[in-house]
Amino acid sequence: MSVFDPETIITRLRSRYDLSQSRDEFLHFKNPYETLIATILSAQTTDKCVNIVTKELFARYPDVFSLANAVLDDVEKIIHPTGFFHTKARNIIAASKLVATEFHGEIPDHMEDLVRLPGVGRKTANIVLDHAFSKTEGIAVDTHVRRISMRLGLTDNSEPNRIETDLTCIFPQYMWGEINGLFILHGRRVCTARRPSCSICNLSDICRYYRENCE
DNA sequence: ATCCCGAGGG
DNA sequence: CCCTCTGGAT
């Protein structure tokens, strides 16, 4: 058995984290429109914050067409607590306009199209595909996924695009969505940026970082 | 003080 | 590769 056996990694993380529970808050959005906007807003902030502002946002702008015609200033006021409010407000309005005009009001369900929307990078697109369409097309590389992948020794690259290539090569497609969520939870709770809790980590025996720093 | 379930631009 | 945009949580 290879030390990077995907089954080993996913099985051990599954035994530690309940993914269905932690995703609940994020999955409650009714349709792809809500999921897309909420995901764009969720950059660098918490789910709780996004849940609060989207309540008012979606009450006032229930679909792409209403948001496409929204006044920038009004949107900024509503989403202010999420941070980066100016950029985010411009982006969600511009993205709605693009969806309304070029995609007939339907949120695109493919990576190439989603990434064309302002404010949507590969990370956001992956989450929208996974949550709104159940079509995970890759592994969304955020800081947690990046840190864990490099510590375990799954990749030597530091650039997100290349890390994603390495990970999608190591893990079979049906694991992508789950690996994503599990790595993020593990990164927040155990494999933290500073002072990782290696003593309670059940991956330490196959971790390069642990071998080189903690043994 | 430091970090976050980022994106866009230089 | 670097920087900036922002607020909130810890």
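Order of the sequence lines sets the chain letters (A, B, ...), proteins ahead of strands, with each chain counted from 1.
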Measure the distance from [atom1] on [X] to [atom2] on [N] and round it to the nearest whole Å.
| X | N | atom1 | atom2 | result |
| --- | --- | --- | --- | --- |
| Ile79(A) | dG8(C) | CD1 | C1' | 15 Å |
| Asn126(A) | dA7(B) | CG | C1' | 14 Å |
| Ile163(A) | dG6(B) | CD1 | C1' | 14 Å |
| Ile40(A) | dT6(C) | CD1 | P | 16 Å |
| Ile92(A) | dT6(C) | CD1 | P | 14 Å |
| Ile37(A) | dA7(B) | CD1 | P | 14 Å |
| His80(A) | dT6(C) | NE2 | C1' | 8 Å |
| Leu36(A) | dG6(B) | CG | C1' | 14 Å |

Arg122(A) or Thr45(A), whichever maps to the more 5' nucleotide of DNA chain B: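 First, find each residue's nearest nucleotide; the 5'-ward one identifies Thr45(A).
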
Closest-nucleotide 5' rank along DNA chain B - winner of Val120(A) and Gly187(A): Gly187(A)

Passing candidate, side chain to side chain contact (heavy atoms under 4.5 Å, CB included) with Leu154(A), options Ile170(A), Ile163(A), Val145(A):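 Only match with Leu154(A) under side chain to side chain contact (heavy atoms under 4.5 Å, CB included): Ile170(A).
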
Donor-acceptor contact below 3.5 Å, side chain Asp113(A) vs main chain Asp109(A):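 Not at all, since once roles are kept as given, no pair shorter than 3.5 Å links the two residues.
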
Side-chain donor or acceptor of Asn213(A) paired with backbone N/O of Tyr209(A) under 3.5 Å: yes

Cationic N near anionic O, under 4.0 Å, Asp73(A) to Lys77(A): yes

Considering only atom [atom1], compute the distance from [N] to [M] and round it to an integer number of Å.
| N | M | atom1 | result |
| --- | --- | --- | --- |
| dA7(B) | dA9(C) | P | 22 Å |
| dT6(C) | dT2(B) | P | 22 Å |
| dG8(B) | dG8(C) | C1' | 23 Å |

Closest to side chain of Pro81(A), choosing from dG8(C), dC4(B), dG6(B):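 Looking only at heavy atoms from C-beta outward on Pro81(A), the closest nucleotide is dG8(C).
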
Thr124(A) side-chain proximity, nearest of dC4(B), dG7(C), dG6(B):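 So the side chain of Thr124(A) is nearest to dG6(B).
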
Ring geometry between Phe58(A) and Phe29(A) (parallel below 30°, tilted from 30 to 60°, perpendicular above 60°):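 Judged by the thresholds at 30° and 60°, the geometry between Phe29(A) and Phe58(A) is perpendicular.
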
His144(A)-Phe183(A) aromatic ring centre distance below 6.0 Å: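 His144(A) vs Phe183(A): aromatic centres not under 6.0 Å.
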
Any Arg147(A) side-chain N or O less than 4.0 Å from OP1/OP2 of dC4(B):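 True: Arg147(A) side-chain N/O within range (under 4.0 Å) of dC4(B) OP1/OP2.
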
Interatomic spacing from CD1 in Ile93(A) to CG in Leu72(A) - rounded to 0.5 Å: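 The distance works out to 5.0 Å.
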
What N/O pairs connect the protein and nucleotides 1-5 of chain C at under 3.5 Å? Give each pair on its own line.
unit_1: dC1(C); atom_1: OP1; unit_2: Ser158(A); atom_2: OG; d: 3.1

